[in-house]
Amino acid sequence: QLQASGGGLVQAGGSLRLSCTASASGRAFSINNMGWFRQAPGKEREFVAHIRWSGGATDYADSVKGRFTISRDVPKNTMYLQMNFLKPEDTASYYCAARSGSVRIITSAVGRPDMYNVWGQGTLVTVSS
């Protein structure tokens with residue numbers, strides 16, 4: 001399972017860091033890919049960022065490039081999303097997701113929610129103008 005945290009209320013131009021920790025309740029939990037998605041009220045869930053667990057290669061949505069940074073701490077099974085220069089349009093519930101098991105997500109598909117088989121609960125980020 002995935003546990004997300006770090007959301008909150010921040011003024012435009014501010015920063016927040018989200019965390020997502022994977023745990024398997026005593027079972028083996030192999031991670032191939034992890035990602036962040038977000039969903040604003042009345043809108044579809046959209047891709048934010050992806051990180052390949054082995055090697056750390058990253059991908060970003062155009063809307064967050066240069067402002068958000070995804071990273072991971074492999075020994076801690078934790079992924080982070082550092083969000084800087086936040087804008088009101090970044091307001092959404094942020095969800096972390098993982099691809100676990102024997103299948104890895106190819107680069108061209110990292111933005112598809114259906115490629116991920118483990119999801120955390122959302123953490124709300126509100127950016128005031």
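For the disulfide bond (SG atoms under 2.5 Å apart) condition, no pair includes a residue of residues 32-62, sequence neighbours left out.
For the side-chain contact (heavy atoms from CB on, under 4.5 Å) test with M115, the passing option among I106, N33, V110, I105 is I105; the others fail. Of the candidates D90, L81, V125, D90 is the only one forming a side-chain contact (heavy atoms from CB on, under 4.5 Å) with R38.
Cation-pi geometry between R45 and Y95 is satisfied (NZ or CZ under 6.0 Å from the ring centre, within 45° of the ring normal).
Residue V74 is grouped with residue I51 when hydrophobic side chains (ILVMFWY) are merged at heavy-atom distances under 4.5 angstrom, including chains of intermediate members. Residues W53 and V48 share a single hydrophobic cluster, defined by chaining ILVMFWY side chains whose heavy atoms lie under 4.5 Å apart.
Y94 OH to L18 CG: the interatomic distance, rounded to the nearest 0.5 Å, is 7.5 Å. Taking OG of S128 as the start and CD of Q11 as the end, the distance is 5.0 Å to the nearest 0.5 Å. Atom CD1 of residue I31 and atom CZ of residue R52 lie 13.5 Å apart, to the nearest 0.5 angstrom. Between M34 atom CE and W36 atom CH2 the span is 7.5 Å, to the nearest 0.5 Å. Summarising the geometry, atom NE2 belonging to H50 is positioned 7.5 Å from atom CD1 belonging to I70; distances are rounded to the nearest 0.5 Å. Atom OG of residue S19 and atom CG of residue L2 lie 12.5 Å apart, to the nearest 0.5 angstrom.
Counting heavy atoms from C-beta outward, S71 and M79 have side chains that stay 4.5 Å or more apart. The closest side-chain heavy-atom distance from Q3 to C20 is not below 4.5 Å.
A salt bridge between D62 and K65 is present, with a side-chain N of the basic residue lying under 4.0 Å from a carboxylate O of the acidic one.
Under the 3.5 Å distance criterion, the side-chain polar atoms of N32 are matched with a main-chain donor or acceptor of G101. At least one donor-acceptor pair closer than 3.5 Å links the side chain of Q121 to the backbone N or O of A4. Using a distance-only test at 3.5 Å, with no hydrogens or angles considered, a donor-acceptor pair links the side chain of T91 to the main chain of V127.
Of all non-hydrogen atoms in S15 and Q82, the two that sit nearest each other are CB-NE2, 3.9 Å. Residues S100 and V118 approach most closely at CB-CG2, 4.2 Å, considering heavy atoms. Residues T123 and G7 share a closest heavy-atom pair of OG1-N, 3.0 Å. A pairwise comparison of heavy atoms in D73 and P75 identifies OD1-CD, 3.0 Å as the closest pair. The minimum heavy-atom distance between A12 and S129, with the atom names listed, is CB-CA, 4.3 Å. Residues T69 and Y60 come closest through the heavy atom pair CA-OH, 3.4 Å.
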Exercise for the section: Run the numbers on L86 and F68 for side-chain contact (heavy atoms from CB on, under 4.5 Å), then give the verdict. Expected result: CA-CA 9 Å; L86 282 161; F68 291 9; 3.8 Å; yes

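Within 6.0 Å of the CZ atom in R104, the count of heavy atoms belonging to other residues, nucleotides or ligands does not exceed 12.
A centroid separation of less than 6.0 Å is found between the aromatic rings of F37 and Y116.
Under the 3.5 Å distance criterion, with hydrogens and angles disregarded, no donor-acceptor pair is assigned to the side chains of T21 and N77. Y80 and R17 are not linked by any side-chain donor-acceptor pair at a separation below 3.5 angstrom, with hydrogens and angles left out of the test.
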